[in-house]
Amino acid sequence: MRASRLLLPTLRDDPADAVAASHKLLVRAGYVRQVGTGLWSFMPLGFRTLTRTMQVIREEMDAIGCQELLMPIMHPEELWRQTGRNEIPELFKLTDRKGSELVLAMTHEETIALHAAAEIRSYRDLPQMWYQFQTKERDEPRPQGGLLRTREFIMKDAYSLDRDPEGLQRSYDAQAGAYRRIFERLGCQYYEVESDVGMMGGSAAMEYMAPSSAGEDRIALSEDGSYAANVELAVSRPSLPDFGPSAPIHEIETPGITTIEQLSEYVGRDPRLTAKSVIVVPEDEQGGIVLALVRGDHRAHDLKLTRAIGGPFRPATPEEIREAFGAEPGSIGAVGLREGAVREVIVDPVLTTGAYLTGANRTGWHLHGAEFGRDFTGRVVDIRHVEEGELSVETGSPLRIEPAIEVGNIFQLGTRYSDALGAKYLDESGVEQSIWMGSYGIGPARTMAAIAEQSHDERGLIWPPAVAPYDVWITPIGEAALVAADELAATLTAEGLAVVVDDRDSSPGVRFADADLIGVPHRVTIGKRLEKDGVISIKRRGVEGEQDVPVGDGAATLLAAISA
RNA sequence: CGGGACGUGGCGCAGUCUGGUAGCGCACUCGGCUGGGGGCCGAGUGGUCGGAGGUUCAAAUCCUCUCGUCCCGACCA
């Protein structure tokens, strides 16, 4: 392919509104263009990389016996009412000319369960695995970072149908294996981590996380590699203070002390010997205040606390705190609460051993030596934010916390969707049973962006070979060089490679800069040295130095490098 | 949803405070030189200053409303 015929809308400057590296580079290199907030076109270059990414995914899905199909984006809202997911705020809704209510699918569990209900009759029909590449629509509160978070995106979504939990586990494991091979082949560095089931519901879930500073998620990883989890549900062993002997609880005066730091300093005790009161108001009809207790040096994790409460919440106002506890914020604790002051006390498990310094519910006073069970109580739920340096529960290996981009996930859904839509089968003894479902997603465009985040330099993108839009970029300098370039391109193309001959009339420097920005793995320069020495230069993107080879060996050298 | 910022040729920006004939760089077109890292010279094309309303002799500039986009906090491939 001649570059002069390609749409290569490269930009010299970073787009002004871009922050993420992948956003800047994919726009600058001419891969994508924005249509609106969270809405992107894939230009020809970008579409090639997207297509190659999807092809790797397709091959690995096919390899585990997952069958490709295609379902519509627009669904009757009634279908979503059956699972209650029509209430999700991210769901786009519309009405047709007859007044029928429709939704734009954000995922396809309902549709799969609908088809399973209609087509699966017997245990002999199971197991099944189906997948598609289909557009998803999500009314995101905040699209972000170019391709990293969009309102419309193509997802590879796969679904498994099994007769029982054991079958589901086998399908889930097969998908996990395929996912590892996919990210491996794509050249996307990733971690497989335990994750929250979120809006999908279900029993088990893992996320495939591409480490990147642009990531919105945080994952906890043990140094020995044995533990990896999203901080949304990560657990750890915190360091323990020396509690000393148990003593009766007693009040101490702490004038003007409102923070853990002040308290710890004032009484001269380790912050790990204090308990912190987090006071929140659940945003539901039930009303009331929740008092959540974590150790003084710890933080409550919002999502963990949301799960513990069973729904969203907001911080309590100082007025609400004064009214419920009869004391100012900063002196609040769980000991000696009056009847009905709070809806519930939630206690982080760390606090169930030892004695703590905590608010006395009397302004300017704290309590020494409060012990769980003796002096205060509450529902024990892990709500603690795991911190860097804490130890893995299993092996005691230290944890580090890294930002990452969620590029894929797998869920064991169970029977939630099949029950809602009546997806059942008859077993060997003629008894009707629920179908066990799993769902498995990958965002190819987000994956592409994650790879761009992980693999670039100051000159531009550096694509892993599997996802590069072209395999070889040839820059001829001069008339004779162009002839040689076309010959080399023809040879390589016949071998199945995608090759660009940059015949544009720009100066060599401009063309080199474009080739580097676009990030094609192998670049060939054909110039003066062809006539002088009969050699051409081959350069690997992202690797220092060039290799001069006789023009006749060019194709063989490239083919060897590419198949290596 | 809360908070902040920005909309001026295709891209990146100045001009706005203090109203007075819309500018710079890049890109693009033509001619010439150049040809292994965004090269040089010359001549050009292209903008209802996001939109609407208002104030004024006069609005990119002041006022009101509105639309759009980005970033920071709660949600997810």
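Basis for what follows: all heavy atoms, side chains included, without hydrogens, waters or symmetry-related copies. In the text below, chain A, chain B and the rest are named by the order of the sequence lines, each starting its count at 1. Bear in mind the structure is a predicted one, so any value in this text is a computation, not a measurement.
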Pairwise [atom1] distance for [N] and [M], with rounding to whole Å:
| N | M | atom1 | answer |
| --- | --- | --- | --- |
| B/C49 | B/A14 | C1' | 13 Å |
| B/G32 | B/U69 | P | 46 Å |
| B/C72 | B/U34 | C1' | 49 Å |
| B/U61 | B/A43 | P | 34 Å |
| B/G23 | B/A5 | P | 30 Å |
| B/A58 | B/C65 | C1' | 23 Å |
| B/G4 | B/C13 | P | 23 Å |
| B/U48 | B/G3 | P | 35 Å |

Looking across every strand, which nucleic acid part, if any, lies under 4.0 Å from [X] by heavy atom: base, sugar-phosphate, or nothing?
| X | value |
| --- | --- |
| A/Gly460 | nothing |
| A/Ile154 | nothing |
| A/Arg33 | nothing |
| A/Thr475 | nothing |
| A/Gly408 | sugar-phosphate |
| A/Thr525 | base |
| A/Arg28 | base |
| A/Arg149 | base |

Considering just the side-chain nitrogens and oxygens of [X], establish if one lies under 4.0 Å of OP1 or OP2 belonging to [N].
| X | N | result |
| --- | --- | --- |
| A/Ser507 | B/G35 | no |
| A/Thr306 | B/A74 | no |
| A/Arg142 | B/A74 | no |
| A/Gln34 | B/C70 | yes |
| A/Gln144 | B/C76 | no |

State which of [options] makes the closest approach to the side chain of [X].
| X | options | answer |
| --- | --- | --- |
| A/Lys528 | B/G36, B/A77, B/G35 | B/G36 |
| A/Val510 | B/G36, B/G37, B/G39 | B/G39 |
| A/Glu406 | B/A77, B/G37, B/G36 | B/A77 |

Handout entry: Contact nearer the 5' end of RNA chain B, comparing A/Glu140 with A/Gly36
Key =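 Its nearest nucleotide being more 5', the pick is A/Gly36.
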Handout entry: Nearest-nucleotide 5' precedence on RNA chain B, A/Gly146 against A/Glu90
Key =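 Final value for this comparison: A/Gly146.
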Pairing check on [N]: which nucleotide meets the Watson-Crick or G-U wobble criteria with it, both distances under 3.5 Å?
| N | value |
| --- | --- |
| B/U56 | none |
| B/U61 | none |
| B/C17 | none |
| B/G36 | none |
| B/G2 | B/C72 |
| B/C30 | B/G42 |
| B/G47 | none |
| B/G7 | B/C67 |

Can you pull every protein N or O that's under 3.5 Å from an N or O on nucleotides 10-14 of chain B?
unit_1 : atom_1 : unit_2  : atom_2 : d
B/G12  : OP1    : A/Ala16 : N      : 3.2
B/G12  : O4'    : A/Asp13 : OD2    : 3.4

Exercise for the section: Looking only at non-hydrogen atoms, find the nearest pair between A/Ala420 and A/Gln82 and report the distance. Expected result: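 Result for this residue pair: CB-O, 3.4 Å.
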Problem - Minimum-distance pair of heavy atoms, taken over all atoms of A/Ala404 and A/Met209 - result: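 So the two residues come closest at CB-CB, 3.7 Å.
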Exercise for the section: Check whether the side chain of A/Glu546 and the base of B/G36 form a donor-acceptor pair under 3.5 Å. Expected result: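 Per atom types, the contact qualifies.
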Problem - Base of B/G38 paired with side chain of A/Ser506 (donor-acceptor, under 3.5 Å) - result: no
Just the rounded figure in Å: distance from [atom2] of [N] to [atom1] of [X].
| X | N | atom1 | atom2 | answer |
| --- | --- | --- | --- | --- |
| A/Asp502 | B/G38 | CG | P | 15 Å |
| A/Arg307 | B/A74 | CZ | C1' | 15 Å |
| A/Leu91 | B/C75 | CG | P | 19 Å |
| A/Asn409 | B/C75 | CG | P | 16 Å |
| A/Asp514 | B/A27 | CG | P | 12 Å |
| A/Arg85 | B/C76 | CZ | C1' | 13 Å |
| A/Asp505 | B/G38 | CG | P | 16 Å |
| A/Leu39 | B/G68 | CG | C1' | 13 Å |

Is the [atom1] atom of [X] crowded by more than 12 outside heavy atoms at less than 6.0 Å?
| X | atom1 | value |
| --- | --- | --- |
| A/Glu479 | CD | no |
| A/Glu531 | CD | no |
| A/Arg5 | CZ | no |

Practice task
State whether the aromatic ring of A/Phe512 stacks on the base of B/G38, taking stacking to mean ring centres under 5.5 Å apart and ring planes under 30° to each other.
Solution key: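 It does not: the ring fails the test against the base of B/G38.
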Any donor-acceptor pair under 3.5 Å linking the side-chain atoms of [Y] with those of [X]?
| X | Y | answer |
| --- | --- | --- |
| A/Gln132 | A/His108 | yes |
| A/Ser212 | A/Gln454 | no |
| A/Tyr131 | A/Asp62 | yes |

Handout entry: side-chain hydrogen bond (donor to acceptor under 3.5 Å, both in side chains) partners of residues 31-44 of chain A, not counting sequence neighbours, each pair once
Key = A/Tyr31-A/Trp463
Handout entry: Side-chain donor/acceptor of A/Asp516 to backbone N/O of A/Gly460, under 3.5 Å
Key = no
Practice task
Would you check if the side chain of A/Asp157 reaches a backbone N or O of A/Tyr159 as a donor-acceptor pair within less than 3.5 Å?
Solution key: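 A pair under 3.5 Å: no.
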Handout entry: Pairs touching residues 43-60 of chain A that satisfy salt bridge (Lys or Arg N to Asp or Glu O under 4.0 Å), sequence neighbours left out
Key =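 Pairs touching residues 43-60 of chain A that pass the test: A/Arg52-A/Asp471, A/Arg58-A/Glu68, A/Glu59-A/Arg185, A/Glu60-A/Arg181, A/Glu60-A/Arg185.
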